[in-house]
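Here's the structure, in structure tokens; my notes come after.
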Number of protein chains: 2
Amino acid sequence: METRELRYFVAVAEELHFGRAAQRLGIAQPPLSRAIAGLERRLGAPLLERGSRGVALTESGTVLLREARAALDAIEAAERRTRRAALAATGRPAVLLAAKAGASDELLAKLLGVYAAEPGAVAVDVVLCGPGEQVTLLCTGRADVALLHRPFDDTAGFDTEDLHSEGQVALLPAGHPLSTRSHLRLAEVTAIPDLPLPRWPRPDGTFPDGPGPQVRDHTQLTQLIALGRACAIVPESGRTGLRSGLTAVPVTDAPRVTTVIAWPPHSRSTAVAELVRAATAL
Amino acid sequence: METRELRYFVAVAEELHFGRAAQRLGIAQPPLSRAIAGLERRLGAPLLERGSRGVALTESGTVLLREARAALDAIEAAERRTRRAALAATGRPAVLLAAKAGASDELLAKLLGVYAAEPGAVAVDVVLCGPGEQVTLLCTGRADVALLHRPFDDTAGFDTEDLHSEGQVALLPAGHPLSTRSHLRLAEVTAIPDLPLPRWPRPDGTFPDGPGPQVRDHTQLTQLIALGRACAIVPESGRTGLRSGLTAVPVTDAPRVTTVIAWPPHSRSTAVAELVRAATAL
DNA sequence: CAGGAGTGATACCCAGGCGGTATCGCCGCC
DNA sequence: GGCGGCGATACCGCCTGGGTATCACTCCTG
């Protein structure tokens, strides 16, 4: 199987439309049809069901979509990591660390400080990204190591070390009736009238359906809460440096959040290993 | 990057010789040279150092070799898993389980028995393989799930559940002076004169250098020990069904061996999930 | 030191495959 | 029934990947 075929199939499987997929790929529709047909012939399995209106994935197609994405990520990672290795060999070596913007600020600052003090420490370039993006960055080689948060982020497929565990708090507009409580329960927070939980984007950038407002980062979130348009449940560390107009109340039965440091398996980078060592020693 | 280029590069990187690599790939040498040169040009990094006698990997080349192997494995897995999904959709669904031949016999038998008794259990095809091969089978999609043994097998990159932990025993020819001892220490076993530890093949099929005899499976091992040509340190469970002429003596300070069940991350197969559930409940 | 063997790079040619345009066949829907 | 949307098919041209022949360089050797 050629990378080209994989890319073509993923495009069609995501668009569920040959024309749009071809457009996205920058080619005409006929070659795309042929390529997919060839793929199906060689695999001996129908990947798509051509209905009169658009197409749908078959069982095999669903499997191939997942596997093809992983394979394409691996190829992209191979390219990126090789380029970075060449750069590190000739210029300044560096580690790319991905972290969720607005989360684990203190821990991140401490980690960078401790690691930088080590002998032989290299530069750490920090990439702050939206929620869930770190996993993609690691998969595609755009980051060497990342801070993830269980159970939100999917750590499957990476090597990880637990760094920190904490409870969660509800963020409420100051002055809200519940904001004077010493603690809350999950069910109470999700049932607050007129203060829905916000909707975060999926990895592909689209938003799930629901009543809450769409948010993309921590700033938008806190602003919406201060405006009295939403509430949220976030890890305790999210209350540090809280803007005025917000109150944090512990949620006793919310799942505990564990911050972990994650890196691709079989990573041979000594810099990453040192960084992980520094992190676990915190 | 195209799969073709990755395959070509891996061939050259493994052979460290353009001619032999081309032969292995079934093409002539000039196109291979061109393809590698193109790859280096597009990556902007030298991957190989052409010495007057043969070639050597650069730093970037080493990185690419590792990443390219992973990417090619992912592509092969994509193909295999899609084919198997198509088969399962039309014919009899099955789970492919990889296990080291001659290890964890009892546990494996029990697992198969318990799982088969479950409602909705599908057929489990067992692939017995040489030591360390399970990881490759899992990576390339030739197996859906595997029994691995820490610390021998590398579980990085898989989801795992611990099943069983056990100590290790030394296998000695019956009648050997040490065979009457109630227990031994690691240093004593490795230092036995005229009874070297055997050499197991590496993933690529070659053997490391050393004094011990080459062995490929459990039968060869026990035969060599019975002949008085080697001794070995194996998990306790390896003593079950021991052929005559062998004695097992516990090695107190040998690392404990943990049998784990492993599967590729993001596996969506319910059959695998059921099998894992049955295994952990043992 | 000249010649030869071994190895990778270059020059040049050919053809298969990939992509493009034009068109068809099929199905819903005003 | 005509029309529009969508995927498949037919056909063509060109690019690129692969083949053969040969070169350039470096050791090794007599």
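Chain naming here is simple, since letters A, B, ... match the order of the sequence lines and numbering starts at 1 in each. The structure presented is a predicted model; accordingly, all values stated were derived computationally and were not measured.
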Carboxylate-amine/guanidinium contact B:Glu133 B:Arg142, below 4.0 Å: no
Considering residues, nucleotides and ligands other than A:Arg150, do more than 12 of their heavy atoms fall under 6.0 Å from its CZ? yes
Among D:dG18, C:dG19, C:dT10, the one nearest any side-chain atom of A:Pro31 is C:dG19
D:dC6 phosphate, OP1 or OP2, under 4.0 Å from A:Arg20 side-chain N/O: no
All heavy atoms of B:Gln134 vs all of B:Cys129, minimum pair found to be CG-SG, 3.5 Å
Rounded to whole angstrom units, what separation is found between the CD atom of A:Glu5 and the C1' atom of C:dG17? 12 Å
Would you say A:His17 reaches D:dG5's phosphate, i.e. side-chain N/O to OP1/OP2 under 4.0 Å? no
Over how many whole Å does the gap from A:Leu32 atom CG to D:dC6 atom C1' extend? 13 Å
Checking contacts here: which listed nucleotide (C:dA9, C:dT21, C:dG19) is nearest the side-chain heavy atoms of B:Pro30? C:dA9
At 4.0 Å (heavy atoms only), tell me whether B:Arg34 reaches a base, stays on the sugar-phosphate, or touches nothing. base
Pairing of A:Glu76 and A:Arg69 as salt bridge, 4.0 angstrom limit: no
Between atom OH in A:Tyr8 and atom C1' in C:dG19, what is the gap in whole Å? 8 Å
Among C:dG8, D:dG7, C:dG20, which nucleotide has an atom closest to any side-chain atom of A:Val55? D:dG7
Distance in angstrom units between B:Arg4 CZ and C:dG17 P, rounded: 13 Å
What is the distance from CZ of B:Arg42 to P of D:dG17, rounded to the nearest Å? 9 Å
Give the rounded distance in Å between these two atoms: CD of A:Glu2 and P of C:dG19. 12 Å
In whole angstrom, give the distance that lies between atom CD of A:Gln29 and atom C1' of C:dG19. 12 Å
Counting side-chain heavy atoms from C-beta on, which of D:dG18, D:dA8, C:dG19 comes nearest to A:Phe18? D:dA8
For the pair B:Glu67 and A:Arg84, find out whether any cationic side-chain nitrogen is under 4.0 Å from an anionic carboxylate oxygen. no
Length of the CG-P vector between B:Leu25 and C:dG8, whole Å: 13 Å
N/O (side chain, B:Ser33) to phosphate O (OP1/OP2, C:dA9) under 4.0 Å: yes
